[in-house]
Amino acid sequence: MSGSPLPPASAQVTAGSTPAQALHEPVLHWYDANARVLPWREPGAGAWAVMVSEFMLQQTPVNRVLPAYQVWLERWPKPVDLAAEPPGEAVRAWDRLGYPRRALRLHAAAQAIVERHGGEVPDDHNALLALPGVGTYTAAAIASFAFGQRHVVVDTNVRRVLARALTGVAQPTISPTAADQRLAVTALPADEPTAARWAVASMELGALVCTARTPRCGDCPIRSRCAWVLAGSPPYDGPPRRGQTYEGTDRQVRGRLLAVLRATTGAVPKKTLDACWHDKAQRERALDGLVADGLVEPLPRARYRLPS
DNA sequence: GATGCGTGGCA
DNA sequence: TTGCCAAGCAT
């Protein structure tokens with residue numbers, strides 16, 4: 001870098017002194033008026049409710065999560081309640097949210113919380129990160145949303161908001177990068193309560209206004225400051241974004257097999273599973289994969305069930 | 001770092 | 001109709 005001196009720290013933290021900091025007030029104000037009412041955001045929801053919602057929301061839209069979330073929290077209001085059940089019950093209750101390994105990990109996380117943290121969801125970021133199924137995003141989200149701590153909470157929504165508002169491009173990179181984290185750090189408010197509000201507000205803006213396909217820029221509180229809008233909203237010009245094929249994949253076969261097992265209490269003959277898919281080799285591979293993942297338990301006499 | 005992992009709604 | 005997309009994680 002050049003030899004130009006940095007401004008004094010006092011100037012750096014002055015509100016609105018950088019493009020990123022200038023976003024805080026309008027986004028927070030917008031959130032106060034436009035936040036969705038969601039059960040895990042209710043005042044008394046608690047950290048377990050936040051944690052369950054975060055697991056379910058990994059790659060699954062809010063509207064599809066809501067019913068399963070309500071059933072889950074009524075049945076297992078505390079981690080110890082879930083930990084006492086067989087993992088197969090978590091897989092069954094996961095219903096059709098997709099990516100059922102998340103159900104297994106949430107169950108394992110509940111057991112770890114009982115064993116290591118006295119049944120209470122830990123408030124420490126590193127302790128959260130050590131739980132099964134909790135990565136960088138989820139640990140920061142729980143610490144921020146449930147405990148009001150100051151963390152960069154970077155999900156696909158936040159990456160998109162910052163890419164547009166600060167970098168001036170239509171879409172963020174396909175995969176999360178260290179640069180995303182660094183950019184988010186520059187946009188993180190200095191004080192803890194404001195940082196926690198910013199985390200949820202910037203995500204909500206990405207979910208409701210700054211959407212991937214048809215952003216509602218006319219409703220956006222930061223459109224006058226958005227680098228992408230100010231550049232004339234240039235179209236995405238990066239590498240093609242890989243579409244996920246589904247028809248005919250092992251994923252589809254796994255989904256069919258598990259759907260049968262979810263709908264059945266007790267053992268299912270292999271013959272019943274065989275009717276799920278015509279291609280024997282693929283069928284066997286999918287079933288073996290489910291067993292290897294711990295989602296299905298093989299029994300004597302060619303029978304299968306959800307894990308006990 | 002690339003890949004595998006479900007399911008369904010929508011432009 | 002059919003790609004694209006949805007609060008990621010583990011390997």
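Chain A is the first sequence line, chain B the second, and so forth, proteins listed ahead of strands; every chain is numbered from 1. Treat the numbers as computed from the prediction; the structure is a model and nothing was measured.
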Under 4.0 Å, counting only non-hydrogen atoms across every strand here, what does A/R285 touch: a base, just sugar-phosphate, or nothing? nothing
Atom CG of A/L129 and atom C1' of C/dC9 are separated, to the nearest Å, by 11 Å
Answer with yes or no whether A/T60 presents, from its side chain, a donor or acceptor under 3.5 Å of a partner atom in the base of B/dG6. yes
Would you indicate what A/L97 reaches in the nucleic acid, counting non-hydrogen atoms under 4.0 angstrom: base, sugar-phosphate, or nothing? base
Which of these nucleotides, B/dG6, C/dC9, C/dC5, is closest to any side-chain atom of A/A212? C/dC5
Nearest-neighbour nucleotide for the A/R262 side chain, C/dA7, B/dT7, B/dG6 considered: B/dT7
At under 4.0 Å between heavy atoms, what does A/P100 touch on the DNA or RNA strands: base, sugar-phosphate, or nothing? sugar-phosphate
Rounded distance in Å - CG (A/N157) to P (C/dA6): 7 Å
Considering just the side-chain nitrogens and oxygens of A/Y99, establish if one lies under 4.0 Å of OP1 or OP2 belonging to B/dT7. no
Tell me whether A/E85 is salt-bridged to A/R92, with the criterion being a basic N under 4.0 Å from an acidic carboxylate O. no
What is the distance, to the nearest angstrom, from the OH atom on A/Y137 to the P atom on C/dA10? 14 Å
How is A/T245 classified with respect to the nucleic acid when contacts are heavy atoms under 4.0 Å: base, sugar-phosphate, or nothing? nothing
Whether A/R160 contacts C/dA6 is assessed here as follows: a side-chain N or O lying under 4.0 Å from the phosphate OP1 or OP2. Is that the case? yes
From the set B/dG8, C/dG3, C/dC9, return the single nucleotide nearest to any side-chain atom of A/R213. C/dG3
Nearest-Å distance for atom pair CZ/C1', residues A/R102 and C/dT11: 18 Å
Once you round it to whole Å, what is the distance between C1' of C/dA7 and CG of A/L208? 12 Å
Separation of the C1' atoms in B/dG1 and C/dA10, to the nearest angstrom: 13 Å
Counting any heavy atom closer than 4.0 Å, what does A/Y246 reach on the DNA or RNA strands: base, sugar-phosphate only, or nothing? base
Nearest whole Å is fine: how far is B/dG8 P from A/Q58 CD? 19 Å
Would you mind classifying the nucleic acid contact of A/V134 as base, sugar-phosphate or nothing, using non-hydrogen atoms under 4.0 angstrom? sugar-phosphate
Please compare A/R105 and A/E54 by the position of their nearest nucleotide in DNA chain C and report the one closer to 5'. A/E54
Please determine if A/E120 and A/K78 form a salt bridge, counting it only when a charged side-chain N lies under 4.0 Å from a carboxylate O. no
Determine the contact category for A/L104: base if any of its heavy atoms lies under 4.0 Å from a base atom, sugar-phosphate if only primed atoms, P, OP1 or OP2 are that close, otherwise nothing. nothing
Categorize A/W40 for me: base, sugar-phosphate, or nothing, with a 4.0 angstrom heavy-atom threshold over every strand shown. base
Contact under 4.0 Å: A/Q59 side-chain N or O vs C/dG8 OP1/OP2: yes
Determine the Euclidean distance between corresponding C1' atoms of B/dG8 and C/dT1; express it in Å to zero decimal places. 15 Å
5' precedence on DNA chain B between A/S175 and A/P61 (nearest-nucleotide basis): A/S175
I need the CD-P distance between A/E204 and C/dA7, as an integer number of Å. 11 Å
What does A/T156 touch in the nucleic acid at a heavy-atom separation under 4.0 angstrom: a base, only the sugar-phosphate, or nothing? sugar-phosphate
The side chain of A/R96 is closest to which nucleotide in this list: B/dG8, B/dG6, C/dA7? B/dG8
Can you tell me how far P in C/dA7 sits from the matching atom in B/dA11, rounded to whole Å? 15 Å
Presence of A/T138 side-chain N/O under 4.0 Å of C/dC9 phosphate oxygens OP1/OP2: yes
Atom CD of A/E192 and atom NE2 of A/H151: how far apart are they, to the nearest 0.5 Å? 8.0 Å
Ignoring the backbone of A/R101, work out which of C/dA7, B/dG4, B/dT7 is nearest its side chain. B/dG4
Looking at A/R41 and A/E204, does any basic side-chain N land under 4.0 Å from a carboxylate oxygen? yes
Side-chain ion pair, A/R283 and A/D274, N-O less than 4.0 Å: yes
Would you check if the side chain of A/H24 reaches a backbone N or O of A/L188 as a donor-acceptor pair within less than 3.5 Å? no
Atom CG of A/L66 to atom C1' of B/dG8: distance rounded to whole Å? 15 Å
In this structure, is the centre-to-centre distance between the rings of A/W76 and A/W48 below 6.0 Å? no
